[in-house]
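Lettering of chains follows the sequences in order, A, B, ..., and the numbering in each one begins at 1. In this text the structure is predicted, and so the values were computed from the model without any measurement.
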Protein chains: 2
Amino acid sequence: MDLNERRQKILAAIIEQYVKTGEPVGSKSLLEALQLSLSSATIRNEMAELVEMGYLEQPHTSAGRVPSHKGYRYYIDNLMGENELNDVQRRRIEQSIPKNMHEPERLLEQANEVLANITNCTAVSTTPACEGVLIRKIEMIPIGSRTAMLVILTSTGILKSEVCRAGGELTPAVCEAFYNIISRTLIGRRIDDVSSAMLQTIAATVSDEFLTILPLLAGVADIAAAASQADVLLEGQSNLFNHRELEENALELIEFLKKSERLSRLLASGKAKFDIKIGEENEYRQLKNSSLIVAKYNIKGKESGTIGLIGPTRLNYAQLIPSIKYLTDLVGRIITQGLEE
Amino acid sequence: MDLNERRQKILAAIIEQYVKTGEPVGSKSLLEALQLSLSSATIRNEMAELVEMGYLEQPHTSAGRVPSHKGYRYYIDNLMGENELNDVQRRRIEQSIPKNMHEPERLLEQANEVLANITNCTAVSTTPACEGVLIRKIEMIPIGSRTAMLVILTSTGILKSEVCRAGGELTPAVCEAFYNIISRTLIGRRIDDVSSAMLQTIAATVSDEFLTILPLLAGVADIAAAASQADVLLEGQSNLFNHRELEENALELIEFLKKSERLSRLLASGKAKFDIKIGEENEYRQLKNSSLIVAKYNIKGKESGTIGLIGPTRLNYAQLIPSIKYLTDLVGRIITQGLEE
DNA sequence: AGTTAGCACTCATAAGGTAAGAGTGCTAAC
DNA sequence: GTTAGCACTCTTACCTTATGAGTGCTAACT
């Protein structure tokens with residue numbers, strides 16, 4: 001399974017050249033890239049061996065070689081040096097992300113935009129959602145005689161709101177009753193506990209004169225559910241059309257990305273803080289020709305959400321991976337800092 | 001400039017067949033569609049005349065005819081009967097749009113989704129923004145010792161919020177001072193009047209002990225600006241790739257749609273309640289192969305925003321136009337109704 | 001004058017053939 | 001283990017040809 005040094009060099013050179021040009025790499029053009037004093041025939045023998053072992057593929061007999069997903073995998077795990085970000089790249093990321101952004105969702109939108117731009121791929125991220133998120137605040141802002149805007153704020157900084165219609169007039173007494181119930185039963189609780197069963201119980205305790213607030217409680221349940229769930233944010237879907245190797249699949253891929261529940265599960269599925277799935281390593285058919293890179297960001301030291309990238313398998317991993325890692329760390333730091341203020 | 005009855009019939013038949021098949025229409029296949037007892041030669045003579053007059057185009061000498069933008073224009077203005085929506089279509093629209101939606105933005109997102117789905121084009125809409133919008137409410141919800149969420153609500157039902165950091169602790173006294181200033185100077189005013197100049201004036205009246213609220217006032221200016229401006233909502237961009245005639249332009253077109261200021265101006269530019277721009281009638285080069293259909297929706301009887309459609313020029317106008325009109329009216333009614341409660 | 005049959009003509013498209021070029025695999029010699 | 005040499009494969013581009021759809025024009029017809 002392991003490769004001797006020469007084969008490693010050849011594999012790395014093929015991948016790097018292929019990533020650059022997009023064309024199958026032939027033995028002659030490899031000679032120039034490699035420092036070894038060998039003939040093309042020897043390279044050919046080695047390349048044939050690498051095909052045999054599954055690290056390379058041959059589009060057709062008389063074509064050069066193209067890395068297989070196994071080849072990319074070996075390269076990423078063993079051969080690739082992760083380039084440090086240079087100042088320009090680092091500054092580009094930092095300048096695009098406002099430091100004083102207090103809303104995780106907007107911050108992630110920004111992060112997605114940067115990532116989609118610098119990679120020319122589709123960026124995808126999920127808003128913070130982890131075990132044990134608490135309800136920090138619930139507010140009701142009357143905006144009409146019977147309608148109110150409900151706002152929920154979680155311990156991870158997630159804000160959700162919804163306009164909701166009460167069963168009757170929102171008199172000061174009704175508002176007070178609402179706040180009493182909320183602060184007694186919900187504030188400080190875990191957001192996952194706000195089940196409809198729990199709300200039934202709460203509703204049962206509401207005295208007859210304040211039954212008008214029941215729709216508001218239902219509204220609270222809605223926004224609590226919305227806040228406890230990770231939202232999926234996408235950016236740069238149309239970038240996928242810029243990659244020749246994806247062109248046939250691009251539409252199907254974009255269709256796939258629209259189903260956010262599935263995507264959300266996919267992003268959360270990896271155990272590691274950083275994960276790459278190359279081509280056929282992906283469980284979904286629609287991603288068979290794509291790479292998926294997922295990194296998790298920490299809030300208060302706890303893995304809370306993900307930032308990911310979807311593109312063709314032909315990616316400059318050595319460049320992209322450090323960028324994603326840096327961006328992910330940065331986002332985590334900014335959100336954490338925003339919460340501590 | 002006007003066409004005799006026979007030419008009108010021929011033009012209409014060509015357009016309808018072309019819209020259906022996407023293939024240039026030849027004289028023979030037209031014979032079957034037309035009820036006239038004529039020979040193909042006569043049809044050919046007439047078609048040649050219609051080309052001469054600019055209503056049709058010929059991809060190459062030995063091909064059938066394709067409608068020009070002038071042809072579509074004549075068809076829409078004079079020949080096309082607007083199909084009434086049948087029950088299925090009407091129900092499809094109604095069921096996709098929740099009646100009790102209190103937030104215009106979410107309602108429009110829904111509307112866009114329906115429209116993009118039923119037309120297989122890109123839907124675009126703008127949130128309500130018209131002259132004389134008033135500030136109905138401003139709220140500050142403290143979410144940390146020094147940070148607060150600011151919320152603004154306009155007379156058209158637009159809600160905007162932003163998290164903002166104050167210059168110091170948000171003590172009850174500070175909050176009270178903030179509300180005093182706001183209700184004295186902003187509530188009930190026209191939202192366009194909240195200029196930075198006005199805020200300067202207001203800021204000058206703040207007593208020294210409450211200078212900490214100045215950043216909050218800046219935040220209010222931000223959300224006021226955001227609320228006074230029409231947002232552009234897009235849906236179904238990738239649908240453009242499904243139209244063969246757009247394939248070359250699709251990426252460029254999507255890029256064009258990303259610039260929301262320009263798009264917003266474009267949508268607002270039409271004077272009429274309903275407007276169609278076909279192909280070259282569009283002022284932007286990027287829309288040269290596309291049709292843009294824009295309808296305005298009324299809130300409280302006043303034109304307040306737009307719902308539009310972008311697709312190829314080859315559209316089933318007779319079907320689409322009634323759908324858009326119906327959808328637009330429905331959206332206007334629901335928003336208006338939501339405000340009256 | 002309007003209509004039509006007939007026919008030569010144009011052009012896109014598909015299919016087949018050929019040549020060039022890149023790259024390979026294999027063999028035999030080093 | 002390495003390499004020069006060479007036959008072989010396969011893609012690509014280009015040309016030719018045939019087919020067919022559709023036209024424009026002319027001359028005859030009503």
**Student:** How close or far is atom P of D:dG22 from atom CG of B:N45, stated in whole angstroms?
**Tutor:** 17 Å

**Student:** Using a strict threshold of under 4.0 Å (side-chain N to carboxylate O), is an ion pair present between A:E252 and A:R285?
**Tutor:** yes

**Student:** Looking at every strand, decide which applies to B:S27 at a 4.0 Å heavy-atom threshold: base, sugar-phosphate, or nothing.
**Tutor:**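 Contact class for B:S27: sugar-phosphate only.
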
**Student:** Report the secondary structure of DNA chain C in dot-bracket form, marking unpaired bases with a dot and bases paired to a different strand with |, and treating Watson-Crick or G-U pairs with both distances under 3.5 Å as paired.
**Tutor:** ||||||||||||||||||||||||||||||

**Student:** Identify the two heavy atoms, one from B:S290 and one from B:L253, that lie closest to each other, and give their separation to 0.1 Å.
**Tutor:** OG-CD2, 3.5 Å

**Student:** Looking at B:F274, is B:K325 sitting on its ring face, NZ or CZ under 6.0 Å from the six-membered ring centre and within 45 degrees of the normal?
**Tutor:** yes

**Student:** Nearest whole angstrom, please: distance from the P of D:dG22 to the CZ of B:R65.
**Tutor:** 11 Å

**Student:** Return the minimal non-hydrogen interatomic distance between B:A123 and B:N112, and the atom names on each side.
**Tutor:**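 Reported closest heavy-atom pair: CB-O, 3.4 Å.
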
**Student:** What pairs of residues pass the salt bridge (charged side-chain N to carboxylate O under 4.0 Å, His left out) test when at least one of them lies in residues 306-317 of chain A, not counting sequence neighbours?
**Tutor:**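 Checked against salt bridge (charged side-chain N to carboxylate O under 4.0 Å, His left out) - neighbours excluded - the pairs reaching residues 306-317 of chain A are A:E245-A:R314.
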
**Student:** Measuring only between side-chain heavy atoms, which start at C-beta, is A:I321 closer than 4.5 Å to A:I276?
**Tutor:**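 SC-SC contact between A:I321 and A:I276 confirmed.
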
**Student:** Between B:A41 and A:G64, which residue's closest nucleotide on DNA chain C lies nearer the 5′ terminus?
**Tutor:**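 Its nearest nucleotide being more 5', the pick is B:A41.
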
**Student:** Name the first nucleotide and the last nucleotide along DNA chain C (5' to 3') that come under 4.0 Å of a heavy atom in chain B.
**Tutor:**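 Reading along DNA chain C, I get C:dT3 to C:dA12.
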
**Student:** Give A:S29 one of three labels, base, sugar-phosphate or nothing, depending on what nucleic acid heavy atoms sit under 4.0 Å from its own.
**Tutor:**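 Nothing, no nucleic acid heavy atom in range.
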
**Student:** Can you list every pair that meets salt bridge (charged side-chain N to carboxylate O under 4.0 Å, His left out) and has a residue in residues 29-39 of chain B, with sequence neighbours left out?
**Tutor:** none

**Student:** Taking only residues at least two apart or on different chains, which pairs with a member in residues 34-50 of chain A satisfy salt bridge (charged side-chain N to carboxylate O under 4.0 Å, His left out)?
**Tutor:** A:R6-A:E46, A:R7-A:E46

**Student:** Parallel, tilted or perpendicular for B:F241 and A:F241, by the 30°/60° rule?
**Tutor:** parallel

**Student:** Can you measure B:M47 atom CE to D:dG22 atom P for me and round it to whole angstrom units?
**Tutor:** 9 Å

**Student:** Is there a side-chain contact between A:V66 and A:P59, using heavy atoms and a 4.5 Å cut-off?
**Tutor:**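 Yes; the side chains approach each other to less than 4.5 Å.
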
**Student:** Just the table, please: protein N/O against nucleotides 10-14 of chain D N/O, every pair under 3.5 Å.
**Tutor:**
unit_1: D:dC10; atom_1: OP1; unit_2: A:T61; atom_2: OG1; d: 3.2
unit_1: D:dC10; atom_1: O4'; unit_2: A:S62; atom_2: OG; d: 3.2
unit_1: D:dC10; atom_1: O2; unit_2: A:S62; atom_2: OG; d: 3.1

**Student:** Let me know the distance between CG of A:L34 and P of D:dT2, rounded to the nearest Å.
**Tutor:**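 In whole Å, D:dT2 P lies 14 Å from A:L34 CG.
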
**Student:** For B:C121 and B:L309, work out which heavy atoms get closest and say how close.
**Tutor:**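 Shortest heavy-atom separation between B:C121 and B:L309 comes out as CB-CD1, 3.7 Å.
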
